[in-house]
Each structure stands twice: as C-alpha cells, then as structure tokens.
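Computed from heavy atoms alone, side chains included, the values below leave out hydrogens, waters and symmetry copies. Values in this document were obtained by computation on a predicted structure and should not be read as measured data. Letters go in sequence order (proteins before strands), and every chain restarts at 1.
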Amino acid sequence: MITLGIDIGSTTSKCALLRDGTELLATSLVAAGIGTAGAERAVAEVFEKAGIAPGEAAASAVTGYGRHSWGRADYESSELSCHALGARFVFPEVRGIIDIGGQDAKVICLDAAGRMSSFLMNDKCAAGTGRFLDVMAGILQVPVSELGAEAAKSAAPAAISSTCTVFAESEVISQLSSGAAREDVIAGICRSVAVRTAGLAKRQPLASPLCMSGGVAANGAVRGYLSEELGMEILFSDLAQLFGALGAAKLAWQKAK
Amino acid sequence: MRSVQELLQQLHEIAANPRARTEQYLTEGKKIVLTAPVYTPEEIIHSMGLVPMGAWGGDMQLNESKRYFPAFICSIAQSIVELGIAGAYRGASAIVIPTLCDSLKVLVENFKYGVPAIPVVPMSWPQNRVPDFGKAFTKAGCERVIRDLENITGAKYSDGALRASIKVYNAHNAAMRRLSAVLRAHPEVGAAARSDCFKSAFFMLKEEHTALIAELCDALEAQGAGEAKTTPIYISGILADSPAFNALLDEAGLSIAGDDIAAQSRQYRTDAPEDSASPLDALAEKFANMNHCSVLYDPSKSRCAFIAEEAKAAGAKGVLLVLTKFCDPEEFDNPLIRRACEAAGLPVTIIEIDRQMVNYEQARTAIETFRDMLA
C-alpha cells in the first residue's frame, strides 16, 4: 500500500511517499508554506519523482500548521505526533526530538516503545526559531542555508541575545559596527538559537538518543552548540526537514492498513 | 421540565451577554456592584440588597488600558480596565477588588484612574488566614467593604441579612459541585457549554442561578448517562472561558472530567459555616478553611497533590494546565503540579492563554498532540 504524507509548514511544504509504511519511495520540499500553492506543488513533485500516478496512493495524511486548510487528506494530525513518527522511522531507537521549524520550536519526549510521553512548545516568539535565522541572514546578506558553514569558521562566537529577535537584530548591527568578524557574529547567532532551544529542552526529561528535526536541523552550527548546551549527542539525518511528512505518510499507513 | 438544550441555550445567552442581565437588574431598580477576581466576599454585597456582577474582563484587544499597565502583566486585570474605559460597566455603583496577587493590587489603583465613574472598594485578605489574628484581619477587611458600600450605595448592612445570604451562597456552592459531578457523567455537553454553566453564575443573583443549575442537573440526570466518545481530562488554571479555547477541546474530543479553574469549581469548594458566632466570623472562617489555590498562602503546596488526586478521582486521563499569561502565582505552581501529576501517572501539558489571544493555532496543535498522547 502506498501512502502520502504532507507537511504544510509556515515557510515550506514537504511530502513523502511510503510503500507499506516501511519503504521510502520519494520526498519533495517546496520553499512555500501556508497560504501558497506550495503544498500542491510539493504533492505534484513527489508523485513525479516516484514515477507513480496520484491515484496509486491508497491513503494520505496531512500535518503542519496548514493542515486544516488542506482539506483533501484522509487523515489529519498535529506535527508533533508526525515528527515523532517520522523520527522513529529514521532512528528507530530515538527517545527525544528537538524540532526547530520556521515559526516555533518543540521538544518531544518518547518512551522506550516510541509513545510520546511529553512535549513542550516555545512561547509565541521568533527568538530560537527558523524565523530568527531568516531575519539575521537577511541583515548579513548571507543565504540562510550557508549560516552553518560560515559559523564553522569562527574561533570566538560573538555574544548575541537569545531573548528577542528585535533586540538581537540591533545587537548584530552593533557587533558589526564594532568590527566583530562576520563569522563570529554568525556563530553568535547560531549559538543564540541553540541556547534558547536548550532552555526549552531542559524543561523536559530528555533521554538519549536525541535527534533534531525541522529546517534548522540542517544548520550544523546550531546542532553543535545545542549538543554542547545539553551535554548530549544529537543525531542528524538529511531527512530531518521531512520528518513531519514521513510521519504523516506512516500515520496514513497505520490508519488505512 | 425544560430540555437540556433549552437550559444550556439560556445559560449560554446569559454568559455571552452580561450587559443584558445588567440592564435587566438596573431596570428592576437594583444596584450593581462589580466583583473582580478572586474571592470577593459576594455574600456581603448580596446581603445588602445589591447585585454582585462578576468582572473578570473579556477577550479583546487592549488599547486604552495600556496607558495604565506595564506590558508584561495579567491581561485579565488589563481587560477589566479596558472594559471599564469602554463603558461596558456603565450603571455599576462600585467595584470590589480583592488584593490577592500583585496584578490585582495594581488593578485597584489603575481602575480608580482609568474608570473614575465607578468607585473602587478594595478587599484586603490576609496572607496568614488561619490564625486568629488572620481571621481578625479578614473580618476587618470585610468591615471596610461594608462601610464603603454603605457610603457609596446607601444600602444598609445587617447580620441577619448576611446570615441569610451565606445560606444562599452555600446552596449555590452545593449546586455547582453537583453540576461538576453531573457533567462528568455527561461528556456530550462539551467544554463550551460547560464553561457557559460556570460563567453565567457571575451575571446572575445566586438564588436564580442555583435554580437554573438544579433544573439542568435534574434534566441531565433524567436523560441517563451520556455516551459521547471523548477522552476525559482535568483542567487547572485561572480562566478557561474563551470560546475559541473551548471549541478546540470539543473539536479534539477532550471532555472536562473536573477542574481546578479559579473562575469555575475552585471558588465553590468551601462553604461558610452557618453556626458561627457572627456572620462575619463565618466569612473569616470560610476564608481560613479555603486551600489548594495559587493565590492563597500555603508553604506546603498541598494544591499539587490535591490536583493529582482530584484528577485521578474524576477519571481523567491527563491534566491540562491552562496558564494565563503573566500570572506569576500560577506559574510558580505549575512545575510542582506537573511533578505531582506525573508521579501519579497523569500526563500533563501546559497551554498559555491570554485575553488578547486571537490566534489559537499553537494551542490547537498542543491540544491535538495532547489528545494523541492520551489515546
């Protein structure tokens, strides 16, 4: 049975196709989220990549903040439940997931059997989220995807506030005008996201192994600083940003089989 | 006998439109006294022939009140001033504001400046409410309320009338405790309608509300147990009256098996003794006997174990902490409550709400995930 998972986030739309809940056939990622045609494009793309017709998918599930406006899936589920399923698909032993998406951060704890035992979401604030990195990348005129690599060149990360995106923006400008090296400022920005997220994560009973999901997971500097702050290794997969879609596809299979 | 639906509809209309009830009482020649959160000694107001009308603010954009408050303060207090400035309380003779948290102390002063047409009567409760000196302090606070209300409204106080009002309030407490138990067996009523049952109590004379709730309980019991397929949860916090929030619970299939909400069951746990030396002693005794509340001094924090026990006894599968943003007393208790509940095998989730909230998507995600977790 082929199932489709759709994750409509604030800034991106992702899809995954699974066969029998175990074999990953294809994925897609479109940099357009809620309120755009991104989800339609992601769905079309994933079927094209898999080389199958949309009618061949026996069931579908949708997740992400845009799930309620999609209206064409067989099942709907919160992104936390789907990220947990997606993470277990890639890392079967994982006990904790830190998801940093475009507009929020979440920490999910799983028991040994993979059932969600607790979760926590961040305050309604851009600090510590992908949005924070987007804003900072805009100021520094660096593509957000290159922040991690730039930060890796730093020997002494600059001190950037983890409290507020607006304050941090003026701190970045102030650091740059004081002559701080660009890579140090970028490293400070990445560290700021990690410190903020670690503060959230430490409120939960974290257990190893731990992994990251969401778009920010691809930023190696944030992952490194987060690992340092938590004193725990953090697993990473190239599929991290697709965990929600993978989990949705898995959920559709579990429900429809 | 009216149907459950008819009664719920009436309670909804009362809860959703306090102005209509205010106008009705004013037309009848009655005087209105607003009662701010929490634990205003309504019995006194009622005994003086005045109508206590709850003033717990409302869900709204805060604009004018920001002239008086800092940014990071409870939106309940802010929205009370906002509504006052907007004229929502016009016709009220006074407002009684207890001073059990820092935000309420600020409200006492800011209401005076923001809404000068409505006189403020502070009710100072003691921190140490159990020792004799604490009870004497409570009595002194009540006497101040009586003096101020007599001066402002011209109404007269008498011990006999207060004794009678205490009986009215004890009967209402019993009715609300019965309601909570009856609704537990009727999850089909839903969180939104349940909220209406509690919220409407703020806008009616208690003897009228008691009669309405008794009629509802009788009608529900006559129906037999409900058959809704919901997951029972226990909720705790200051407020849970937002229609959007309650709709989320209903849509997620979560039913409220019990609550520790200050604006709901928490205020109805303790009766005033009816055999005290004086009715003011009875009110002081009642306050001394109250417990398990974030704004009542309790070094042992017995509230945390109490919530876990209540939730278990109610058959709840988990506990949802509905945290009013910037409510320090509740925030202090939440980690301890979480620990106590988790030790009792009850999963806990916190969602933060605010009188200014317009987007509930994050709350929806948290509630749906909580539902998934409890499944």
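The CG atom of B:Leu374 sits 10.5 Å away from the CE atom of A:Met116 when rounded to the nearest 0.5 Å. Of the inter-residue distances, the one linking A:His68 atom NE2 with B:Glu251 atom CD reads 8.0 Å to the nearest 0.5 angstrom. For the atom pair CZ of B:Phe370 and OG of A:Ser118, the computed distance is 11.0 Å after rounding to the nearest 0.5 Å. Note that the OG1 atom of B:Thr369 and the CD atom of A:Glu79 stand 6.5 Å from one another [nearest 0.5 Å]. A distance of 4.5 Å separates CG in B:Asp372 from OG in A:Ser77, rounded to the nearest 0.5 Å.
Proximity to chain A (any heavy atom under 4.5 Å) is restricted, for B:Thr349, to the side chain, taken from C-beta onward. Looking at B:Arg371, there are no atoms closer than 4.5 Å to chain A (heavy atoms on both sides), in backbone or side chain. With a 4.5 angstrom heavy-atom cutoff, A:Ile108 does not touch chain B via any of its atoms. Neither the backbone nor the side chain of A:Thr63 comes within less than 4.5 Å of any heavy atom of chain B.
Residue-environment remark: NZ (A:Lys202) exceeds the threshold of 12 foreign heavy atoms within 6.0 Å. Heavy atoms of other residues, nucleotides or ligands lying less than 6.0 angstrom from CD of A:Glu93 number 12 at most. Shown here is B:Lys317, whose NZ atom has no more than 12 heavy atoms of other residues, nucleotides or ligands within 6.0 Å.
Residues B:Met373 and A:Arg115 have side chains not in contact (no heavy-atom distance under 4.5 Å, counting atoms from C-beta outward). Using a 4.5 Å cut-off on side-chain heavy atoms (C-beta onward), A:Asp104 and B:Gln362 make contact.
Between B:Glu361 and A:Arg67 there is no salt bridge, since none of the side-chain N atoms of the basic residue sits less than 4.0 Å from a carboxylate O of the acidic one.
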